[in-house]
Amino acid sequence: MPELPEVEVTRLSFAERIRGARVTAVRVGKPLRWPLGSAPEAFVGQRVGEVSRRGKYLWLALERGGLLMHLGMSGSLSFGHATGEPGPHDHFDLVTARGTLRLTDPRRFGAVVWSASADAAPAATLLAGLGLEPFDDRFDGAHLHAALRRRRVAVKTALLGGRIVVGAGNIYACEALFEAGIDPRTPSDRISRARAGRLADAVRSTLARAVELGGSTLRNFRDAHGAAGAFQLEAKVYGRAGKPCVRCGTPIRRVVQGARATFFCPVCQRR
DNA sequence: AAGTGGACCTGCTAGC
DNA sequence: TGCTAGCAGGTCCACT
């Protein structure tokens, strides 16, 4: 999916345009990961408020409650007037006079869930246990070091879990570990305070750079304007198995951790 | 309790 | 050219 940069880029591409628009119709397609939890007609007539993000979730405020949205592995949102007839992978339309917000998600791991507020179930339940936002001042080397010390899993697995810091999925966890010079297989509790500091910086800078570049488009990611991202063009390890490391020329290695592919340079990244 | 592996669903691609 | 196994950006859940 869409990791934090793709979700944030998506949010930025439609939040201002949809704010204040009144819902005129709602269309629901095939089932997504979780049920909507409300009759779709209940949204008709309500105005859309702020669109905010927590981790990889978006919260779209309505006058009564709101919608928690997740893009899963293959989801994207579009917003505009040129939406046309829904295709086989278009599973949710929020129609307003300013345009239609449409969720397209071939694999349907994504979700749209109504909640009375972001602090009430089911939204609060889904958001509970999420780690710090990477751009939160509280997320620093000391925090990351303390959290990593409590785990014995590989540091990459700990990052991906999202319980310490949210937002880095498979691409950006690999890239941040490369930036920090840390072998992704290193046990969490063996990361020194100094290296945790470098890793925290790398997580922030990698995610920030990806937002600047409009995210990564590996297959079907597009922002709500339909624009593709460009970060994948400057990924240094992700998806580059066997290719030379951009820093030292050593072939990039691919291993599997927790059923996910991990890419790293065996020379630049150390335990 | 923490760690591991499977499940969800569909489409694309590399390889035979 | 055509089929198939394997793989894909996430996260929850059951089991050890």
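Per chain, numbering begins at 1; letters A, B, ... match sequence-line order. Just so it is clear, the structure is predicted and the values come from calculations on it, not from any experiment.
- Rounded to whole Å, the P atom of dT11(C) lies 23 Å from the corresponding atom of dA1(B).
- The distance from the CZ atom of Arg98(A) to the CZ atom of Arg19(A) is 9.0 Å, given to the nearest 0.5 Å.
- If you take CD of Gln257(A) and P of dT11(C), they are 17 Å apart, rounded to a whole angstrom.
- Using a 4.0 Å cut-off between charged nitrogen and carboxylate oxygen, Glu133(A) and Arg138(A) do not count as a salt-bridge pair.
- If you take CG of Leu127(A) and P of dT11(C), they are 11 Å apart, rounded to a whole angstrom.
- Atom CZ of Phe221(A) is separated from atom C1' of dG10(C) by 15 Å (rounded to the nearest Å).
- Protein atom CG of Leu218(A) is 12 Å distant from nucleotide atom P of dT13(B), rounded to whole Å.
- Judged by distance alone, with hydrogens and angles left aside, the side-chain atoms of Thr125(A) form no donor-acceptor pair with the main-chain N or O of Ala121(A) at under 3.5 Å.
- Ring-centre distance between Phe178(A) and Tyr238(A): not below the 6.0 Å cut-off.
- Note: CG (Leu126(A)) to P (dG10(C)) measures 17 Å, nearest angstrom.
- Using atom P as the reference point in both dC9(B) and dC3(C), the two lie 26 Å apart (nearest Å).
- Rounded to whole angstrom, the span from the CG atom of Asp105(A) across to the C1' atom of dG11(B) amounts to 12 Å.
- Taking 4.0 Å as the cut-off between side-chain N and carboxylate O, Arg47(A) and Glu63(A) do not count as a salt-bridged pair.
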Treat a base pair as Watson-Crick or G-U wobble with both distances under 3.5 Å, then lay out DNA chain C in dot-bracket form, 5' to 3', with | for cross-strand pairs.
.|||||||.|||||||

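- Between His70(A) and dG10(C) there is no side-chain polar atom (N or O) within less than 4.0 angstrom of OP1 or OP2.
- A salt bridge is absent between Glu179(A) and Arg209(A); no separation between the charged side-chain nitrogens and carboxylate oxygens falls under 4.0 Å.
- Across all strands shown, Tyr172(A) has no heavy atoms under 4.0 Å from either base or sugar-phosphate atoms.
- Rounded to an integer number of Å, the gap from Leu58(A) CG to dG10(C) P is 15 Å.
- Spacing of P atoms, dC7(C) relative to dG5(B), comes out at 15 Å, to the nearest Å.
- Using a 4.0 Å cut-off between a side-chain N of Lys or Arg and a carboxylate O of Asp or Glu, Arg204(A) and Asp201(A) qualify as a salt bridge.
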Taking it one step at a time, do Arg270(A) and Asp183(A) satisfy salt bridge (Lys or Arg N to Asp or Glu O under 4.0 Å)?
CA-CA 5 Å; Arg270(A) 302 305 218 169; Asp183(A) 185 320; over 6 Å; no

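- Rounded to the nearest 0.5 Å, atoms OG (Ser216(A)) and CD1 (Ile171(A)) are 4.0 Å apart.
- Positionally, the nearest nucleotide of DNA chain C for Ser216(A) lies more toward the 5' end than for the other of Arg163(A) and Ser216(A).
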Please write out the pairs of protein N or O atoms and N or O atoms of nucleotides 3-9 of chain B separated by less than 3.5 Å, giving the distance to one decimal.
| from | atom 1 | to | atom 2 | distance (Å) |
| --- | --- | --- | --- | --- |
| dG3(B) | OP1 | Arg152(A) | N | 2.6 |
| dG3(B) | OP1 | Val153(A) | N | 3.3 |
| dG3(B) | OP2 | Arg151(A) | NE | 2.5 |
| dG3(B) | OP2 | Arg151(A) | NH2 | 2.8 |
| dC9(B) | O4' | Arg107(A) | O | 3.4 |
| dC9(B) | O3' | Arg108(A) | NH2 | 2.7 |
| dC9(B) | O2 | Arg107(A) | NE | 3.0 |
| dC9(B) | N3 | Arg107(A) | NH2 | 3.4 |

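- In this structure, Met73(A) places its CE atom 10 Å from P of dT11(C), rounding to the nearest Å.
- Relative to the side chain of Lys30(A), the nucleotides dG10(C), dT10(B), dC7(C) differ in distance, and dT10(B) lies closest.
- The side chain of Arg219(A) contributes no N or O atom lying less than 4.0 Å from OP1 or OP2 of dC12(B).
- A donor-acceptor pair shorter than 3.5 Å can be found between the side chains of Gln257(A) and Thr262(A).
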